[in-house]
Amino acid sequence: MNDVLIRPTQSVLGLHGRNFPTLEISLGGTPKGIVLLACDGGDLLGGTTEVMNRLAEHGYESLAAEIPLEDASARLSVLFARAEERGWTAEQTGMLGWGSGGRIVLDAITEKAFGAAVSLSPALRSDDSGNSVAQEEFSGRVATPWLGMFGADDPAAPESSVANLRAVLGGGSDVHAVAVIYPGVGDGFYRHGNDGVGYAAWYDSWQRTIEWLEARIAPRLTPLAQQWRQRCIRGSGSR
């Protein structure tokens, strides 16, 4: 996308007496849902606007913020509360995160049930020593369908760690989770690579993201559908 079609509204949300910046895009008509974006550090005013516009093309409102790991749970609660204020239920809400934000989304699927979650290049290593994050924390606790996408050359998410995570998510929970590895690319594959391999990974990851959201986020009823539902309720009550 070369031209920005919608300029997000800049606003702030409060937490513990302090404000943190957000970007919001609201749509007219009947949007399909809302996607909460967990941005990589320093990226809120960078590539986030393009991602929000791409979501808008497919009918999704969006709300974006940078979410530091140490304050993640509290900030996510504020974002979900804001989405609820805008009339969206949990099943009509998705999450998308990349880089450090992708890890925030991965952690969130064990804490809250909502429509769908997507992580791009979430780190699976806890520190520079190469220690892997304990994936046992996900066993049997996944509450939200999750799609994770990784670059095979990402040092923070080696293929062995992704394979272990895939096994844990697939064997310990009834909630669907998928991990995809793209060969020949690193952790920044989602940033529209210029070479053939990078571009293919970027394009495919975006297609998978939209398909995942559309298959799992519950759509908002149109005004006509709401009228029909009310008519059916009245009809069943008069019998």
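- Here the side chain of Arg208 pairs no donor or acceptor atom with the backbone of Val180 at under 3.5 angstrom.
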Checking Thr93 against Val35 for the side-chain contact (heavy atoms from CB on, under 4.5 Å) test, could you report, in this order, the C-alpha distance in whole Å, the side-chain angles of both residues, the deciding distance, and whether it holds?
CA-CA 6 Å; Thr93 302; Val35 180; over 6 Å; no

Chi angles and distances behind the side-chain contact (heavy atoms from CB on, under 4.5 Å) call for Leu79, Leu13:
CA-CA 8 Å; Leu79 293 182; Leu13 294 175; 3.8 Å; yes

In sequence, state the C-alpha distance, the side-chain angles, and the governing distance for Ser119 and Trp146, and then conclude on side-chain hydrogen bond (donor to acceptor under 3.5 Å, both in side chains).
CA-CA 8 Å; Ser119 295; Trp146 176 77; 2.9 Å; yes

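- Each of Asp40, Asp187, Asp43 was checked for a side chain to side chain donor-acceptor pair (under 3.5 Å) with Trp98, and the lone residue meeting it is Asp43.
- Taking both residues in full, the closest heavy atoms of Ser62 and Leu55 are given as CB-CD1, 4.3 Å, listed atom of the first, atom of the second, then distance.
- Judged by distance alone, the side chain of Gln92 and the main-chain N or O of Thr89 form a donor-acceptor pair under 3.5 Å.
- Formation of a donor-acceptor pair under 3.5 Å by the Tyr60 side chain with backbone atoms of Arg54 is not found in this model.
- Between Phe189 and the options Tyr182, Phe150, Trp206, a ring pair (Phe, Tyr, Trp, His ring centres under 6.0 Å) holds for only Tyr182.
- For Lys112 (side chain) and Ala143 (main-chain N/O), no donor-acceptor pair under 3.5 Å exists by modelled atom type.
- Cys39 approaches Ser100 most closely through the heavy-atom pair O-OG, 4.1 Å.
- For the pair Arg86 and Glu24, the salt-bridge criterion is met [side-chain N within less than 4.0 Å of a carboxylate O].
- Closest approach of Ile217 to Lys32, counting heavy atoms only: CG2-O, 4.1 Å.
- For Arg166 (side chain) and Ala179 (main-chain N/O), a donor-acceptor pair under 3.5 Å exists by modelled atom type.
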For Thr22 and Gln10, what are the C-alpha separation, side-chain angles and deciding distance, and is it a side-chain contact (heavy atoms from CB on, under 4.5 Å)?
CA-CA 6 Å; Thr22 64; Gln10 297 187 33; over 6 Å; no

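- For the residue pair Gly14 and Val78, the shortest heavy atom distance occurs at O-CG2, 3.9 Å.
- With contacts defined as side-chain heavy-atom distances shorter than 4.5 Å, the pair Thr49/Ile6 does not qualify.
- Taken to the nearest 0.5 Å, the CG atom of Leu147 stands 6.0 Å off from the OG1 atom of Thr209.
- Across Leu15, Leu44, Asp71, a single residue satisfies side-chain contact (heavy atoms from CB on, under 4.5 Å) together with Phe20, and that is Leu15.
- Tracing side-chain contacts under 4.5 Å through hydrophobic residues (I, L, V, M, F, W, Y), one reaches Val51 starting from Leu45; they form part of the same cluster.
- Formation of a donor-acceptor pair under 3.5 Å by the Thr144 side chain with backbone atoms of Phe114 is found in this model.
- At most 12 non-hydrogen atoms from other residues, nucleotides or ligands lie less than 6.0 angstrom from CD of Glu84.
- Within the model, atoms CD of Glu57 and CE of Met52 stand 13.5 Å from one another, a figure rounded to the nearest 0.5 Å.
- Figure legend: Arg216 and Trp212 shown as a cation-pi pair, the cationic atom lying under 6.0 angstrom from the six-membered ring centre and within 45 degrees of its axis.
- Contact annotation: the side chain of Val118 approaches that of Met149 to within less than 4.5 Å [non-hydrogen atoms, C-beta and beyond].
- Taking every heavy atom of both residues into account, Ala116 and Leu213 meet most closely at CB-CD2, 4.1 Å.
- Taking CZ of Arg82 as the start and CD1 of Ile34 as the end, the distance is 8.0 Å to the nearest 0.5 Å.
- Within the model, atoms CG of Leu37 and CD1 of Ile104 stand 13.5 Å from one another, a figure rounded to the nearest 0.5 Å.
- Contact check for Pro122 versus Val105: no side-chain heavy atoms found under the 4.5 Å cut-off.
- Of all non-hydrogen atoms in Gly198 and Val185, the two that sit nearest each other are CA-CG1, 4.0 Å.
- Taking the side chain as every heavy atom from C-beta outward, Glu61 and Ile25 never approach each other to under 4.5 Å.
- Side-chain atoms of Asn164 come within 3.5 Å of backbone N or O of Ser160 as a donor-acceptor pair.
- Rounded to the nearest 0.5 angstrom, Arg103 CZ and Ile67 CD1 are separated by 14.0 Å.
- Contact check for Leu124 versus Val162: side-chain heavy atoms found under the 4.5 Å cut-off.
- Ring-plane geometry between Tyr199 and Trp202 is classed as tilted, the angle between the planes lying from 30 to 60 degrees on a 0 to 90 degree scale.
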May I have the step-by-step check of side-chain contact (heavy atoms from CB on, under 4.5 Å) for Leu96 and Leu120, ending in yes or no?
CA-CA 8 Å; Leu96 169 62; Leu120 296 163; 4.1 Å; yes

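- Contact check for Asp107 versus Leu69: side-chain heavy atoms found under the 4.5 Å cut-off.
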